[in-house]
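Read through the structure below, which is laid out as structure tokens, and then see the notes.
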Amino acid sequence: MKRTVIVLVALLGLLVGADFAAAAFAEHTVSRKSAEQLGLSDDPAVTIHGFPFTTQALSGEYDRISLSADGVPVQDLQDVSIDAELHDVTAPLSDLTAGDVSDVVIDRLNGRVTLKESDIARVAPLTNIDDLRIEPSSKGYVRHGADGSGADSGSGGQNGAAGDGTDTDDTTAGIRLSGKADIAGERIEIFTFAMIELDGTTIRIDPRRVQFGNDRETTVVPEAVQEKLLPQFEADINAGQMPFTVTPTAISVASGSITLHGEAEDVRFTG
């Protein structure tokens, strides 16, 4: 009886090992083909979820596949992150083993492209601002400030309708950009509240208001000075291609980054 148990455990171990090996081979194939499809110099990380892998492979149906790549260069940007969640993927086993993904179909796909603040600082004229930092702000605060219907402090607010009550447009968001700049011979901490708008895969930064100071205390900037400073924060940023040519439909701001979001259905792996 003991010997039988040992044999069964050994066989189970071999089967699990074979399952992981098969999954690794399929992930490598998908990774290599994804790099070609997305025009990446390095293969992205790919994870085929679900266990056992073998049952999914034999049926040619996969519940979820995750794909991610960091350090992707896009024009002035050098560290763009790309993520994609592929749901209900149909991929015949014979095609995967042959390295052929032409018949792979993705029922539903969620894609994201994330730009980091250190990378955004490379885009002119934001290059004039040292130590550029990004934080979310509510649309209401950007448009109206503390005296209007936006009641938050300008940092950490939600990107949706906070402060407006009616604005549910996912293609725009509020943002606070801050950094140091030389103004009239002095090194000054500067805060700019702006709206960002999604135009295809381009992010447009539309600055609305400038303040001097820090997180604890700010100074109101005269209108004439604002007119001279606001253009230093006005920029168009090309975020590059979304995964599998998905059209971006939403934009969001987090601490230190901006992310484009997109969804698509019935997508062919080869585009």
Side-chain angles (χ1 to χ4, degrees), residues 81 110-121 123 125-126 128-129 131-181 183 188-239 242 247-263:
S81 295
N110 302 100
R112 297 178 301 277
V113 172
T114 299
L115 315 183
K116 302 178 180 66
E117 61 188 3
S118 57
D119 225 10
I120 293 171
V123 179
L126 300 176
N128 297 323
I129 308 300
D131 192 24
L132 182 72
R133 298 184 301 280
I134 287 174
E135 295 291 341
S137 181
S138 72
K139 297 179 184 180
Y141 190 84
V142 170
R143 290 169 176 154
H144 310 297
D147 295 329
S149 58
D152 63 50
S153 64
S155 175
Q158 297 299 312
N159 291 312
D164 274 30
T166 57
D167 192 342
T168 58
D169 183 6
D170 290 336
T171 63
T172 63
I175 188 172
R176 189 190 78 172
L177 303 102
S178 62
K180 296 179 177 65
I183 300 173
I188 295 177
E189 183 85 6
I190 185 171
F191 292 83
T192 297
F193 296 91
M195 294 298 297
I196 57 174
E197 179 182 0
L198 183 60
D199 182 8
T201 58
T202 297
I203 301 169
R204 302 194 186 284
I205 300 178
D206 178 18
R208 303 291 182 90
R209 188 174 67 260
V210 172
Q211 295 176 352
F212 295 154
N214 50 48
D215 284 326
R216 296 179 297 279
E217 184 179 359
T218 58
T219 302
V220 176
V221 180
E223 191 69 28
V225 179
Q226 294 219 29
E227 290 180 1
K228 292 183 178 180
L229 293 177
L230 285 174
Q232 295 191 44
F233 291 89
E234 187 175 293
D236 287 352
I237 305 171
N238 181 4
M242 290 283 287
T247 301
T249 56
I251 190 169
S252 64
V253 181
S255 180
S257 65
I258 299 174
T259 300
L260 282 68
H261 307 261
E263 296 182 0

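No hydrogens, no waters, no symmetry mates; every other heavy atom, side chains included, goes into these values.
In this structure, R143 is not positioned above the aromatic face of F193 in the sense of NZ or CZ being under 6.0 Å from the six-membered ring centre and within 45° of the axis.
Two residues are said to be in side-chain contact when any heavy atoms from C-beta on lie closer than 4.5 Å; I190 and S178 fail this criterion. The shortest distance between side-chain heavy atoms of T171 and T249 does not fall below 4.5 Å. Annotation: side chain of R133 is in contact with side chain of D131 (closest heavy-atom distance under 4.5 Å). With contacts defined as side-chain heavy-atom distances shorter than 4.5 Å, the pair F191/V210 does not qualify. For the pair I237/L115, a side-chain contact is recorded, criterion being any heavy-atom separation below 4.5 Å from C-beta on. Contact check for M195 versus I175: no side-chain heavy atoms found under the 4.5 Å cut-off. At a threshold of 4.5 Å between non-hydrogen side-chain atoms, the residues T172 and K139 count as touching. By the 4.5 Å heavy-atom criterion applied to side chains, N128 and F233 are not counted as neighbours.
Here the CD1 atom belonging to I134 is positioned 7.5 Å from the OG atom belonging to S257, to the nearest 0.5 angstrom. H144 NE2 to R209 CZ: the interatomic distance, rounded to the nearest 0.5 Å, is 10.0 Å. K116 NZ to I258 CD1: the interatomic distance, rounded to the nearest 0.5 Å, is 12.5 Å. Distance check, rounded to the nearest 0.5 Å: OG1 of T192 to CD of Q226 gives 8.5 Å. Put simply, CD1 on I188 and CG on L229 are 8.5 Å apart, with the number rounded to the nearest 0.5 Å.
Between S137 and R176, the closest heavy-atom pair is CB-N, 4.2 Å. Of all heavy-atom pairs between V253 and A173, the closest is CG2-CB, 4.2 Å. Closest approach of G200 and P248 over heavy atoms only: O-CG, 2.9 Å. Here the closest non-hydrogen pair linking P231 and P125 is O-CG, 3.4 Å. Residues L260 and A239 come closest through the heavy atom pair CD2-CB, 3.9 Å. Closest heavy-atom contact between A194 and I205: CB-CG2, 3.9 Å.
Comment: E189 engages K180 in a salt bridge, judged by a side-chain N to carboxylate O separation of less than 4.0 angstrom. For E223 and K228, the salt-bridge test fails: no basic side-chain N is under 4.0 Å from an acidic carboxylate O.
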*Start with the C-alpha distance between D170 and I251, add both sets of side-chain angles, then the distance that settles side-chain contact (heavy atoms from CB on, under 4.5 Å), and finish with yes or no.*
CA-CA 6 Å; D170 290 336; I251 190 169; over 6 Å; no
*Determine, step by step, whether I203 and E197 satisfy the side-chain contact (heavy atoms from CB on, under 4.5 Å) criterion, reporting the C-alpha distance in whole Å, the side-chain angles of both residues, the deciding distance to 0.1 Å, and the verdict.*
CA-CA 6 Å; I203 301 169; E197 179 182 0; over 6 Å; no
*Please step through side-chain hydrogen bond (donor to acceptor under 3.5 Å, both in side chains) for the pair H261 and S252, ending with a clear verdict.*
CA-CA 8 Å; H261 307 261; S252 64; 2.8 Å; yes
_Quick one, R204 with D206, criterion salt bridge (Lys or Arg N to Asp or Glu O under 4.0 Å). Give me CA distance, side-chain angles, the key distance, then yes/no._
CA-CA 6 Å; R204 302 194 186 284; D206 178 18; over 6 Å; no
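Donor-acceptor pairing under 3.5 Å is recorded for the side chains of T114 and T259.
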